[in-house]
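Working notes for the structure below.
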Amino acid sequence: MQLYSIASGSSGNCIYAGTEESGILVDVGISMKRVSEGLSKQSLSFENVKAILITHEHTDHISGLGPVLRKVPIPVYATADTIEAIWTKNNMKNISPELFHSVRPGEEIELAQMLVSPFSISHDAVDPVCYTIGYDGRKLGIATDMGCYSDEIIANLADCDAVLLEANHDINLLQVGHYPYSLKMRILGDRGHLSNDASARLIKEILHPGLRHIVLGHLSKENNFPELAYQTVTYELEQSETWNRMDSKILVAKRFEPTECLTIA
């Protein structure tokens, strides 16, 4: 099973999860060209993509969806309210509504021989979810755009072999930055984004010996740096005896280009 971030951050998000033969895209917040180029680097194409999962309707998660669907009629899965919001705010001209299928948090579905489980998150969108994806006894979790995390989120991620988790901002950088006060409060609020410190705390909640790969994603362009996110999370985890007994790898997802493809064997 593979976890492959094609792009991650406030500028656009797109992740491939699956095998060398077939898989799923989680969000299409970048151009079709960039998605295609990212897939090709792993000898993949849109023919290998059997479904698209959408987490929520914000532009950095759906901006490329319309162009992709006009060229390739791939089934799309999201919550019913998210689907309605996509059709309201995005250009869906010449796209069949029959491509869209609703999911419910807590109800598992099978796509491309993989078990997909949506779960609710706290974010300022109409009905946002994140997903875990299981295949051949392995499980990966993709969870970003969370103002806070809950026991439900911890339970969904607790037995993953690999996770891509949000480490959006450094609190100090955000507080002293140029953002308007209202935007700072939105990001820091329970329906905003996880900070580096909060991401580290969440990872400590889901640590177990089988968690081999951790990818920090959805970094803010203005209020974070890859090195800072990595150092903050690593420092917190090194305080944990469980972490010090583990043989796990932390990566930071790149913003404008693919990140190393992880194989969960």
Could you please spell out the steps behind the side-chain contact (heavy atoms from CB on, under 4.5 Å) verdict for Trp243 and Leu207?
-> CA-CA 7 Å; Trp243 175 257; Leu207 281 182; 3.8 Å; yes
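- In the hydrophobic clustering of ILVMFWY residues, with side-chain heavy atoms under 4.5 Å counting as a link, Leu194 and Leu188 come out apart.
- Listed for the His56 side chain is no donor-acceptor partner under 3.5 Å among the backbone atoms of Ile62.
- Side chains of Tyr4 and Leu262 form no contact here, defined as non-hydrogen atoms less than 4.5 Å apart.
- In this structure Arg138 satisfies the side-chain contact (heavy atoms from CB on, under 4.5 Å) test together with Met1, Asp161, Ile264, sequence neighbours excluded.
- No more than 12 heavy-atom neighbours from other residues, nucleotides or ligands sit within 6.0 angstrom of OH on Tyr235.
- When side chains are defined from C-beta on, Arg34 does not count as touching Ile6, because their heavy atoms never get closer than 4.5 Å.
- Taken from CG in Leu3 to CG in Leu251, the straight-line distance is 9.5 Å, to the nearest 0.5 Å.
- Under a hydrophobic clustering in which Ile, Leu, Val, Met, Phe, Trp and Tyr are joined whenever their side-chain heavy atoms come within less than 4.5 Å, directly or via other members, Phe256 and Phe225 fall into different clusters.
- When the side-chain contact (heavy atoms from CB on, under 4.5 Å) test is applied to Glu108, the partners found at least two apart in sequence or on another chain are Leu115, Ser117.
- At a threshold of 4.5 Å between side-chain heavy atoms, the hydrophobic network of Ile, Leu, Val, Met, Phe, Trp and Tyr places Met32 and Ile24 in two separate groups.
- Looking at heavy atoms from C-beta onward, Arg186 lies in side-chain contact with His193 at the 4.5 angstrom threshold.
- Panel note: side chain Asn223, backbone Ser220; no donor-acceptor pair is recorded below 3.5 Å.
- Contacts classified as side-chain hydrogen bond (donor to acceptor under 3.5 Å, both in side chains) and involving residues 19-29 (residues at least two apart or in different chains) are given here: Thr19-Glu21, Asp27-Thr55, Asp27-His61.
- Asp145 places no side-chain N or O within 3.5 Å of a backbone atom of Gly192 that could act as its donor or acceptor partner.
- Shown are Ile54, Val129, Val103; of these, the side chain to side chain contact (heavy atoms under 4.5 Å, CB included) with Thr82 is made only by Ile54.
- The main-chain N or O of Val35 is never found under 3.5 Å from a side-chain atom of Tyr16 such that the two would form a donor-acceptor pair.
- In this structure, CD1 in Ile153 is found 7.5 Å from CG in Leu202, a value given to the nearest 0.5 Å.
- Using modelled atom types, one finds no donor on one side chain facing an acceptor on the other under 3.5 Å when comparing Arg191 with Ser122.
- Under a cut-off of 6.0 angstrom, the local environment of CD in Glu84 is sparse, with at most 12 non-hydrogen atoms contributed by other residues, nucleotides or ligands.
- Environment of CD in Glu98: sparse, with no more than 12 heavy atoms of neighbouring residues, nucleotides or ligands closer than 6.0 Å.
- Leu174 places a side-chain heavy atom less than 4.5 Å from the side chain of Tyr179.
- In this structure, the side chains of Glu166 and Tyr149 stay at 4.5 Å or more apart for every pair of heavy atoms.
- Distance alone, capped at 3.5 Å, is enough to place a donor-acceptor pair between the Asn244 side chain and the Glu238 backbone.
- Residues Val76 and Val126 are members of separate hydrophobic clusters, defined by side-chain heavy-atom contacts under 4.5 angstrom among Ile, Leu, Val, Met, Phe, Trp and Tyr.
- When side chains are defined from C-beta on, Tyr181 does not count as touching Leu183, because their heavy atoms never get closer than 4.5 Å.
- In this structure, the separation between OG on Ser102 and CD on Glu107 is 9.0 Å, given to the nearest 0.5 Å.
- Asn224 and Asn168 share no side-chain donor-acceptor pair at under 3.5 Å.
- Interatomic distance, Leu157 CG to Ile203 CD1, rounded to the nearest 0.5 Å: 10.0 Å.
- Residue Arg70 places its CZ atom among more than 12 non-hydrogen atoms of other residues, nucleotides or ligands, all under 6.0 Å distant.
- His58 has its side chain within reach of Asp124: a pair of non-hydrogen atoms, C-beta onward, lies under 4.5 Å apart.
- The main-chain N or O of Asp127 is found under 3.5 Å from a side-chain atom of Thr79 such that the two form a donor-acceptor pair.
- The backbone N or O of Gln2 sits nowhere less than 3.5 Å from a side-chain atom of Thr263 that would complete a donor-acceptor pair.
- Taking each heavy atom of Gly9 and Asp60 in turn, the nearest pair found is O-OD2, 3.8 Å.
- Within the 3.5 Å criterion, the main-chain N or O of Asp247 finds a donor-acceptor partner in the side chain of Arg212.
- Residue Phe119 places its CZ atom among more than 12 non-hydrogen atoms of other residues, nucleotides or ligands, all under 6.0 Å distant.
- Ile206 and Leu140 end up in different hydrophobic clusters when Ile, Leu, Val, Met, Phe, Trp and Tyr side chains are linked at under 4.5 Å.
- For the pair Lys89 and Thr59, the minimum side-chain heavy-atom distance is below 4.5 Å.
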Val163 and Val215: side-chain contact (heavy atoms from CB on, under 4.5 Å), yes or no, with the steps?
-> CA-CA 6 Å; Val163 292; Val215 183; over 6 Å; no
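- Of the possible donor and acceptor atoms, one in the side chain of Ser63 sits under 3.5 Å from a partner among the backbone N and O of Gly29.
- The distance from atom CD1 of Ile171 to atom CD1 of Ile187, rounded to the nearest 0.5 Å, is 11.5 Å.
- Looking at His169, its side chain never comes within 3.5 Å of a backbone N or O of Glu222 through a donor-acceptor pair.
- Using a 4.0 Å cut-off between charged nitrogen and carboxylate oxygen, Lys254 and Glu260 do not count as a salt-bridge pair.
- Within the model, atoms CG of Leu39 and SG of Cys14 stand 7.0 Å from one another, a figure rounded to the nearest 0.5 Å.
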